[in-house]
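Here's the structure, in structure tokens; my notes come after.
Note that the coordinates shown come from a computational prediction; the quantities given were computed from them, not determined experimentally.
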Amino acid sequence: MEQEMAEFLPLNRGSKMEDSERQTFSLIPIKSRKKGGLITMPFIIANEALENVASYGLLPNMTFYLMREYRMDITTTQNLLFFWSATTNFLPIVGAVVADSYLGRFLTIGLGSIFSFLGTVVLWLTAMIPKARPPPCDQSGQACKSTTTSQYMLLVFSFLLMSIGAGGIRPCSLAFGANQFDKGGSNPNKHTVLESFFAWYYTSSIVSVLIALTGIVYLQDRLGWKIGFGVPAILMFLSALFFFLASLFYIKPKVRSNVFASFIQVLVVACKNRKLRYPNQNSDYHHKNGSGPQVPTDKLRFLNKACIIKGPEDVKLNGGAANPWNLCTVEQVEELKALIRVVPLWSTGIMISINLSQSSFPLLQAQSMNRHLTKGFQIPAGSFGMFMMIALTIWVFLYDRVMLPLASKIKGRPVRPKPIVRMGIGIFISCISMVVSGIVEHVRRRRAISEGLLSNSHGLVEMSALWLIIPNSLNGIAEAFSAIGSTEFYYSELPKSMSSIASALLGLGMAVASLLASAILNAVDKYTKGEGTESWVSSNINKGHYEYYYWLLALLTGFNLLYFVACCWQYGPSADVDITKRMMELSDDDDHLS
């Protein structure tokens with residue numbers, strides 16, 4: 001992270017100007033300016049919230065944009081969205097490494113905001129410039145022109161820019177906000193202020209997603225793509241602007257080493273020392289001075305060879321390793337072991353993410369059903385995802401404020417299921433959600449056929465789209481159990497020094513899920529269509545069998561639940577931790593390292 005002295009703009013980092021020169025740029029003397037605190041909170045929250053509105057507002061109707069303007073079939077469309085989602089969820093891990101090890105959180109968020117803005121501008125240009133997409137079909141009966149390579153690459157380039165931007169903003173925003181309350185010394189109100197910041201941060205995240213799923217989607221439906229894509233570009237510009245406006249007031253911690261490099265070192269050194277014998281004396285293991293494990297555990301014992309001291313030349317006079325690529329500490333080895341141990345249970349959450357990533361099919365279902373609430377107003381097809389967010393929010397509130405206190409009162413002791421239990425409940429509810437989705441689609445398709453709409457995928461079925469609220473709500477409850485439970489599980493089972501890994505595992509699971517979802521979709525499309533047989537995932541929703549696809553996902557989720565039970569048995573007892581307390585401890589650690 002850049003040093004705080006002489007910082008006026010991101011481009012001026014490292015400047016050595018004197019105080020008298022600095023004051024020509026500002027009416028406020030540098031020495032009187034206070035860093036961090038509540039004054040920075042609105043700018044950081046606005047940056048994250050506006051980025052959420054801009055990015056999440058583009059997702060729901062993107063299926064329509066690709067199918068109508070680029071004339072892609074449903075399989076190609078969903079695959080492209082899967083790859084975009086995988087990239088968007090994977091790059092925050094890269095962003096976390098870059099922020100912690102090289103650029104620092106401030107510059108990473110700033111660059112991410114710029115990339116996201118450029119991505120939304122490029123996407124807006126695909127709607128504004130006629131030659132940036134295929135021309136309309138000729139009414140004379142000639143074949144429609146397909147998308148050219150350059151048009152397709154421009155579209156993908158816009159997606160890539162937005163993914164890079166998300167990779168810079170999302171992993172750093174919350175931690176950077178917590179850094180603003182690290183002013184050194186003991187502050188008795190720090191934890192109270194942090195709790196307030198976390199509450200406002202998560203509330204703004206939920207509200208911004210709801211605005212994206214309603215307001216932005218409504219603009220796209222009513223005013224077209226030019227306005228519908230232009231507004232997110234303006235919001236992303238404001239997001240970047242608000243973030244940089246408070247540049248002078250941010251606390252910017254120094255860059256520190258990242259735990260990812262430590263994992264690689266352990267693997268490399270363990271391979272180098274694979275022929276060494278295990279020592280008979282505990283003193284032959286290298287460990288940090290002070291607290292911490294002195295001897296490695298027997299689990300995954302082959303990794304213990306990474307911390308074996310071969311000779312006195314391996315250790316410096318201060319107790320550190322002479323070469324970290326030849327000798328690691330017991331702490332490093334145990335951190336990698338902890339990560340390896342949670343990987344099987346982490347993998348059980350991938351199936352839920354696969355179920356949640358099926359965005360195109362519910363959109364086509366909603367489009368073909370009666371979405372009117374009144375004669376003059378109908379819910380946009382892309383807005384039905386808001387019911388998942390609403391259900392998630394309501395359930396979390398009822399669960400924390402009503403159900404758990406009531407259960408504790410009845411039992412006469414505190415009642416709170418362990419994170420690992422909640423993860424299992426989330427998988428079960430996700431399975432039920434896919435079963436219900438299939439039932440709703442089965443009924444919808446039968447009505448469409450009985451109404452003579454088999455060959456007319458754009459026809460309106462006389463069935464209320466409000467039935468889709470049920471599977472969406474179940475998805476929200478499943479996400480509440482799984483995502484929150486998984487996050488708490490990672491934080492409780494991994495060492496405090498690995499909290500960046502804990503926060504990244506959920507995003508990595510969603511990235512892997514998107515790739516696996518694409519593989520499942522392609523396999524279903526390939527093996528369910530033939531001569532005279534329509535694919536289950538046909539672009540014609542009435543000729544396809546989306547219900548069979550949903551039930552296949554439900555079956556896979558059922559097998560995943562059995563796999564989860566086996567992983568729990570293999571893992572053994574798990575711990576528990578207060579997430580807010582852990583975040584505050586991390587903020588304290590950043591304070592000490594600043």
Side-chain angles (χ1 to χ4, degrees), residues 86 89-102 167 171 255-289 291-316 319-350 486 489-509 511-512 515-516 567 570-572:
N89 286 305
F90 175 75
L91 285 181
I93 301 174
V94 179
V97 175
V98 170
D100 286 348
S101 303
Y102 302 102
V255 174
R256 55 178 176 171
S257 60
N258 194 275
V259 72
F260 288 96
S262 174
F263 294 157
I264 298 174
Q265 288 173 348
V266 172
L267 293 173
V268 170
V269 179
C271 289
K272 285 183 179 180
N273 297 346
R274 63 187 179 277
K275 295 183 180 180
L276 288 180
R277 292 184 178 181
Y278 294 103
N280 297 323
Q281 299 180 5
N282 294 341
S283 60
D284 290 335
Y285 289 110
H286 180 53
H287 57 83
K288 289 182 180 179
N289 295 327
S291 61
Q294 308 292 308
V295 181
T297 59
D298 288 333
K299 294 179 180 179
L300 301 171
R301 196 178 180 212
F302 66 95
L303 293 175
N304 293 354
K305 293 187 176 183
C307 57
I308 296 176
I309 301 174
K310 298 187 290 292
E313 67 278 0
D314 288 341
V315 183
K316 294 188 293 186
N323 185 346
W325 293 97
N326 288 330
L327 179 64
C328 298
T329 63
V330 174
E331 290 84 352
Q332 287 178 278
V333 172
E334 291 305 310
E335 285 175 353
L336 181 56
K337 287 182 180 181
L339 178 62
I340 293 174
R341 284 194 68 217
V342 302
V343 165
L345 279 167
W346 163 80
S347 66
T348 63
I350 292 176
S486 297
F489 174 74
Y490 301 145
Y491 272 98
S492 62
E493 295 300 311
L494 297 176
K496 190 171 68 172
S497 59
M498 296 176 63
S499 293
S500 59
I501 301 293
S503 61
L505 282 174
L506 200 62
L508 179 61
V512 174
L515 297 178
L516 291 178
C567 289
Q570 184 274 334
Y571 190 86

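Nearest heavy atoms, Pro296 versus Cys307: CG-SG, 4.0 Å. Shortest non-hydrogen contact noted between Val269 and Cys328 is CG2-SG, 3.8 Å. The shortest heavy-atom contact between Glu331 and His287 is OE1-CA, 3.9 Å. Across Leu276 and Lys305, no two heavy atoms sit closer than the pair O-NZ, 2.8 Å. Heavy-atom minimum distance, Lys272 versus Trp325: NZ-O, 3.1 Å. The shortest non-hydrogen separation linking Val333 to Ala306 is CG2-CB, 4.1 Å.
At a threshold of 4.5 Å between non-hydrogen side-chain atoms, the residues Leu336 and Leu300 do not count as touching. The shortest side-chain heavy-atom distance between Pro344 and Tyr571 does not fall under the 4.5 Å cut-off. The closest side-chain heavy-atom distance from Asn323 to Asp314 is not below 4.5 Å.
The distance from the CG atom of Asn326 to the CD atom of Glu313 is 10.0 Å, given to the nearest 0.5 Å. The distance from the CD atom of Gln570 to the CG atom of Leu345 is 8.0 Å, given to the nearest 0.5 Å. From Leu303, atom CG reaches atom CG of Asn273 across 11.5 Å, with rounding to the nearest 0.5 Å. Tyr285 contributes atom OH, which lies 12.0 Å from atom CG of Leu327 (distance to the nearest 0.5 angstrom). Within the model, atoms CZ of Arg277 and CD1 of Ile308 stand 12.0 Å from one another, a figure rounded to the nearest 0.5 Å. To the nearest 0.5 Å, atom CG of residue Leu506 and atom CH2 of residue Trp346 are 10.5 Å apart.
Checking Lys337, Glu334, Lys299 one by one against Asn304, the side chain to side chain donor-acceptor pair (under 3.5 Å) holds for a single residue, Lys337.
Cation-pi geometry between Arg274 and Phe302 is not satisfied (NZ or CZ under 6.0 Å from the ring centre, within 45° of the ring normal).
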